[in-house]
Amino acid sequence: MTDQTHTAPRPATAGRQIGSALNRLAASEKFQAWAARVPLLRRYVKAEGMAMFDVISGFVQSQVLLALVELEILPKLQAQPLAARDLAPGAGLTEDRMQALLQAGAALKLMKRLADGRFALSPRGAAFLSVPGLVPMVRHHDVLYRDLADPVAFLRGQTSPELARFWPYVFGAAGAVDPAVTATYSNLMADSQALVAADTLGLVDFKGITHLLDVGGGTGAFIAAVGLAHPGLKLGLFDLPVVLEGANARLSSAGLAARVTLHPGSFRDDALPQGADAISLIRVLYDHSDSTVAALLARAFEALPPGGRLIISEPMSGGAKPDRSTDVYFAFYTMAMQTGRTRSAAEIIRLLAAAGFENMQSFPGNRPYVTSSVTARKPGVAPMVQAATAP
Ligand SMILES: C[S@@+](CC[C@H](N)C(=O)[O-])C[C@H]1O[C@@H](n2cnc3c(N)ncnc32)[C@H](O)[C@@H]1O
């Protein structure tokens, strides 16, 4: 299932004819030289040129960032401004190479070059260090970049991506047996959950929900954030038994252990527990194939009461309006994982409709690379609402 609904070539519309003419113009060297001299167009040509070079050089930028992370340069600059000669010996680099790395970091605005030649942390560098999960995310990108080293072979399915083995639990209960391995992956997800929870809580109205079950909720970072924001809510957490082993520590430190019921199980093999009037699936669907998602949505439908709500939140494809962060990064990341894919809100809504849900609503995220949300309802009226409105 994709957003690609037009397979036969369509007659050119006026808009597409104008688009083709503009493309021909933009490709003409004569036009580019002329546009570069016209004040208003000059700004556009310069911005387009920069944007194009940004796409061309993106991999090198990421590798500069990885080197800065591996050599722990940003935390050192956070402590005090330093020069290349101060940092080079500890990193095992020559002073020239360290100067080149720092100069590149300053060009990416992760640090500032001071008048005396030293480098200091910039607001962007400070934000990078403070956002939970970003440093481990960059660190594990070496796996993804190895998988994408030959993108054509990768797209043809002729490679054996390492990332597919990096996240063993997505293959189901059988894949998640080693608690130490599972803890590494669960921590990576939980670290980045703070932003996802904050954005989901901003997008979705939890009013009227009395009992929330978070399915595939990991070690409870999302349910803890919801519990702290909504003190009256009953809470449940469903995940693989080995993953839930890490939940008690997190929920206890949030003071929520007594409020959250743990439900160990596999949504591939087990029914979901009943009793909640809302179920959340946070960054779960994109790990799985359409058939697994269809089966999971059917189980959620079964577990919910009439009028029960389903909340889905994860990075989503822009669909008809391709999105730079999700249709490039997440689409290729999930492709390398080989088990799921990055879906648009429209695709998720179609899967929800097929499972019997109605009243679907899409909430595009302000930061699509963090998350977007879709909500739905099981048809019927919740028993409590029915009693309250009965004549
Ligand atoms: C990408 S992580 C998301 C975790 C959490 N919701 C978050 O956003 O941080 C996917 C979660 O789904 C869980 N999961 C995968 N397969 C599962 C299954 N068959 N049954 C239950 N949970 C499963 C994983 O253990 C993991 O915690």
Side-chain angles (χ1 to χ4, degrees), residues 132-134 136-137 140 163-164 166-201 203-204 212-227 235-247 250-251 254 260 262-273 278-289 291-300 303 310-316 330 333-334 336-343 365 367 369-374:
L134 281 192
M137 180 183 180
H140 95 294
L163 206 60
F166 189 85
W167 294 102
Y169 60 56
V170 297
F171 297 108
V177 286
D178 179 345
V181 173
T182 307
T184 309
Y185 309 121
S186 293
N187 287 342
L188 197 51
M189 288 317 293
D191 281 347
S192 55
Q193 179 52 245
L195 297 183
V196 178
D199 284 14
T200 305
L201 283 162
L203 293 170
V204 176
L212 176 72
L213 174 70
D214 190 30
V215 172
T219 49
F222 178 73
I223 207 75
V226 176
L235 307 166
L237 180 61
F238 181 98
D239 209 301
L240 299 169
V242 69
V243 174
L244 286 191
E245 280 173 24
R250 181 181 308 283
L251 295 172
V260 183
L262 301 185
H263 301 277
S266 167
F267 55 64
R268 288 173 186 272
D269 310 315
D270 308 312
L272 298 180
I279 288 179
S280 49
L281 290 163
I282 313 296
R283 299 192 294 183
V284 172
L285 302 193
Y286 68 2
D287 274 350
H288 301 282
S289 67
S291 58
T292 304
V293 169
L296 170 57
L297 295 181
R299 286 187 191 249
L310 188 65
I311 298 164
I312 291 162
S313 198
E314 62 185 32
M316 294 177 194
F330 285 101
Y333 191 107
T334 49
M337 282 179 70
Q338 292 190 310
T339 51
R341 63 193 186 85
T342 304
R343 298 177 180 84
R367 301 182 283 186
Y369 51 89
V370 172
T371 206
S372 291
S373 302
V374 168

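For ligands, and for the atoms within them, numbers begin at 1 and follow the listed sequence. Model, not experiment: these values are computed from the prediction.
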_Inter-residue atom distance Leu272.CG - Ile279.CD1, 0.5 Å rounding_ = 5.5 Å
_Quick check on contacts: which atoms of ligand 1 are under 4.0 angstrom from a heavy atom of Gly218?_
27 (O)
*Can you measure from CG (Leu237) to CG (Leu251) and round to the nearest 0.5 angstrom?*
6.5 Å
*Those atoms of ligand 1 less than 4.0 Å from some heavy atom in Arg283*: 1 (C), 2 (S), 3 (C), 7 (C), 8 (O), 9 (O), 10 (C)
*Please indicate whether any nitrogen or oxygen in Asp214 is less than 3.5 Å from any nitrogen or oxygen in ligand 1.*
no
*Which ligand 1 atoms, with their elements, are less than 4.0 angstrom from a heavy-atom of Ile282?*
3 (C), 5 (C), 6 (N), 7 (C), 8 (O)
*Look only at interatomic distance and state if Asp287 has a nitrogen or oxygen under 3.5 Å from any nitrogen or oxygen of ligand 1.*
no
*For Gly217 and ligand 1, does the shortest N/O to N/O distance drop below 3.5 Å?*
no
*Any N/O pair Tyr286/ligand 1 closer than 3.5 Å*: no
*Contact partition for Asp269 relative to ligand 1, non-hydrogen atoms under 4.0 Å*: neither
_ligand 1 contact by Ser192, heavy-atom criterion under 4.0 angstrom_ = no
*asked:* In the structure I gave you, are the side-chain heavy atoms of Pro273 and Leu213 within less than 4.5 Å of one another anywhere?
replied: yes
_So, taking the atom named CG in Leu163 and the one named CE in Met337, what distance separates them when rounded to the nearest 0.5 Å?_
6.5 Å
*Could you check Leu296, Thr292, Asp214 and say which one makes a side-chain contact (heavy atoms from CB on, under 4.5 Å) with Val284?*
Leu296
*Would you mind reporting whether Phe222 and Val196 have side-chain heavy atoms less than 4.5 Å apart?*
no
_Evaluate Asp270 against His263 for side chain to side chain contact (heavy atoms under 4.5 Å, CB included), listing each step before the verdict._
CA-CA 11 Å; Asp270 308 312; His263 301 277; over 6 Å; no
*Val196: heavy atom below 4.0 Å from ligand 1, yes or no?*
no
*asked:* Tell me whether Phe222 reaches ligand 1 (any heavy atom closer than 4.0 angstrom to a ligand atom).
replied: no
*asked:* For Arg299 and Val215: C-alpha separation, side-chain torsions, deciding distance, then whether side chain to side chain contact (heavy atoms under 4.5 Å, CB included) applies.
replied: CA-CA 11 Å; Arg299 286 187 191 249; Val215 172; over 6 Å; no
_So which atom in Tyr286 and which in Glu314 form the shortest heavy-atom distance, rounded to 0.1 Å?_
N-OE1, 3.1 Å
*Give the numbers and elements of all ligand 1 atoms closer than 4.0 Å to a heavy atom of Gly265.*
20 (N), 21 (C)
*Val243, portion touching ligand 1 at heavy-atom distance under 4.0 Å*: side chain
*What about Phe238: any of its N or O atoms under 3.5 Å from an N or O on ligand 1?*
no
